[in-house]
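Start at 1 and go down the list; that is how both ligands and their atoms are numbered. Because the structure is a prediction, the values reported are computed rather than measured.
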Amino acid sequence: MEASQKDFETAMHQVKLLKKDPGNEVKLKLYALYKQASEGPCNAPKPGIFDLINKAKWDAWNALGSLPKETARQNYVDLVASLSSSESSSQRKPGADSKQSGYETLVVTSEDSITKIMFNRPNKKNAITTQMYHEIMHALDAAGKDDSAFAVFTGNGDYYCSGNDLNNFTNVLPDEVEEKAKHFAILLRNFVDCFINFPKPLIAVVNGPAVGISVTLLGLFDIVYASDRATFHTPFSHLGQSPEGCSSYMFPKIMGSAKAAEMLIFGKKLTAREAYTQGLVSEVFPDSTFQEEVWTRLKTYSQLPPNAMKISKQLIRNVEKEKLHAINSKESSILQDRWQSDECINAIMNFFSKKAKL
Ligand SMILES: CCCCC/C=C/C(=O)SCCNC(=O)CCNC(=O)[C@H](O)C(C)(C)COP(=O)(O)OP(=O)(O)OC[C@H]1O[C@@H](n2cnc3c(N)ncnc32)[C@H](O)[C@@H]1OP(=O)(O)O
């Protein structure tokens with residue numbers, strides 16, 4: 001059920017009862033969601049750069065873009081619920097619903113036999129930092145072993161995920177480039193391996209635009225539900241890079257080589273409907289009812305016998321597992337070279353100099 005105005009008001013009251021200060025980042029998130037839910041997209045003039053507090057608040061609100069009021073209200077209620085529940089977790093009975101601690105870039109929750117892994121850097125469009133890569137690997141490892149029926153990835157805010165955080169490649173001295181590239185190739189390979197090896201059904205709830213590695217990985221997901229606001233974009237050539245996440249194999253297999261080439265070589269951005277027509281997405285939902293429809297459905301599926309679902313997933317996927325590992329290894333090693341190329345270094349510099357937003 002979508003959060004009602006009454007749920008929203010109750011949540012506003014609950015915030016005041018929190019005993020622990022949730023920290024500035026969470027307070028900004030609460031502020032932004034509250035403004036978006038009550039007033040809609042940011043319409044206030046941007047504060048001056050020295051007005052630090054009001055600028056941070058404005059940035060947080062503005063980062064929510066055109067997120068619908070209803071979704072903001074729901075996210076606000078969910079966030080307050082997760083804050084309240086983590087405060088009372090010491091009194092909670094074992095096995096009850098819980099937000100898992102130890103994550104800074106994700107919100108990981110277990111509810112209704114579903115492990116939900118939510119990218120949680122909405123102000124940065126959920127771009128994946130090195131820390132986030134590690135947290136995702138950790139969350140996947142735990143979700144593979146816990147008693148949930150399946151795992152679901154989604155994004156907080158208006159984006160699903162804007163792909164690799166390009167800051168991962170900045171502040172590297174010229175004589176460190178080779179070593180860094182090697183380091184990231186190993187990280188990438190290990191990261192994608194976790195998706196190839198994940199033993200249970202893996203579902204993506206694509207709440208908004210998806211870019212780069214968050215798109216390529218979808219070929220390794222079992223089901224992809226998308227809001228009609230979602231887009232799918234892999235600007236690898238624009239960045240002087242090349243495909244990863246086994247997309248060089250999975251995308252031609254899913255959509256045919258001609259369509260895959262348009263995405264992976266030319267960086268053609270697909271709408272949710274196009275991604276559905278090309279077989280990358282299982283179903284598209286209107287954004288206004290997306291969360292309610294998808295989660296109602298997933299809660300029903302999560303009651304199916306978990307072992308049967310797990311075995312079926314493995315039957316479908318395991319035939320190609322070794323091949324996928326080999327492809328992942330090859331893609332990572334090619335990227336290791338690409339990251340050291342002038343094409344790539346210049347494209348990343350361009351992004352940060354705001355000349356070439358993709
Ligand atoms: C282990 C290594 C694996 C490597 C393999 C992975 C490859 C990839 O994923 S390639 C794809 C990389 N991603 C991109 O190229 C996207 C870059 N971002 C953008 O083009 C845009 O930010 C946007 C289209 C995603 C959103 O544009 P807009 O709505 O105009 O919002 P802003 O650009 O103002 O973004 C808000 C805020 O977030 C920062 N940000 C967004 N995405 C990234 C990112 N991928 N890396 C770093 N930072 C990102 C953006 O810089 C803004 O920050 P502030 O200026 O500080 O507010």
Ring centers of Phe169, Phe351 separated by less than 6.0 Å: no

Enumerated ligand 1 atoms positioned under 4.0 Å from heavy atoms of Ser162: 12 (C), 13 (N), 14 (C), 16 (C), 25 (C), 41 (C), 42 (N), 43 (C), 44 (C), 45 (N)

Distance filter under 4.0 Å to Gly163 heavy atoms, resulting ligand 1 atoms: 9 (O)

Identity of the nearest option to atom 36 (C) of ligand 1, non-hydrogen atoms only, from Leu239, Asn62, Thr234, Asn123: Asn123

Phe352 N/O to ligand 1 N/O under 3.5 Å: no

Per-residue contact class, His238 against ligand 1 - non-hydrogen pairs under 4.0 Å: neither

Minimum side-chain heavy-atom gap Tyr159-Lys124 below 4.5 Å: no

Set of residues satisfying side chain to side chain contact (heavy atoms under 4.5 Å, CB included) with respect to His134, sequence neighbours excluded: Thr130, Met137, Leu187

Ring centroid separation Tyr301 to Phe150 under 6.0 Å: no

Proximity winner for atom 4 (C) of ligand 1, if only heavy atoms of Phe236, Phe351, Phe184, Trp339 are counted: Trp339

Geometric class of the Tyr34/Tyr76 ring pair [parallel <30°, tilted 30-60°, perpendicular >60°]: tilted

Within-cut-off N or O pair, Asn164 and ligand 1, under 3.5 Å: yes

Contact check: Lys124 vs ligand 1, nitrogen or oxygen atoms, below 3.5 angstrom: yes

For Ala127, atoms of ligand 1 separated by under 4.0 Å from a heavy atom: 43 (C), 44 (C), 45 (N), 46 (N)

Distance filter under 4.0 Å to Tyr159 heavy atoms, resulting ligand 1 atoms: 23 (C), 24 (C), 25 (C), 26 (C)

Location of contacts on Phe191 toward ligand 1, heavy atoms closer than 4.0 Å: neither

Single-linkage hydrophobic cluster Phe198~Phe191, side-chain heavy atoms < 4.5 angstrom: yes

Sequence neighbours excluded, every pair satisfying salt bridge (Lys or Arg N to Asp or Glu O under 4.0 Å) that has a member inside residues 199-225: Asp146-Lys200, Asp222-Lys313, Asp222-Arg317

Ser282 side chain vs Val224 backbone, donor-acceptor pair below 3.5 Å: yes

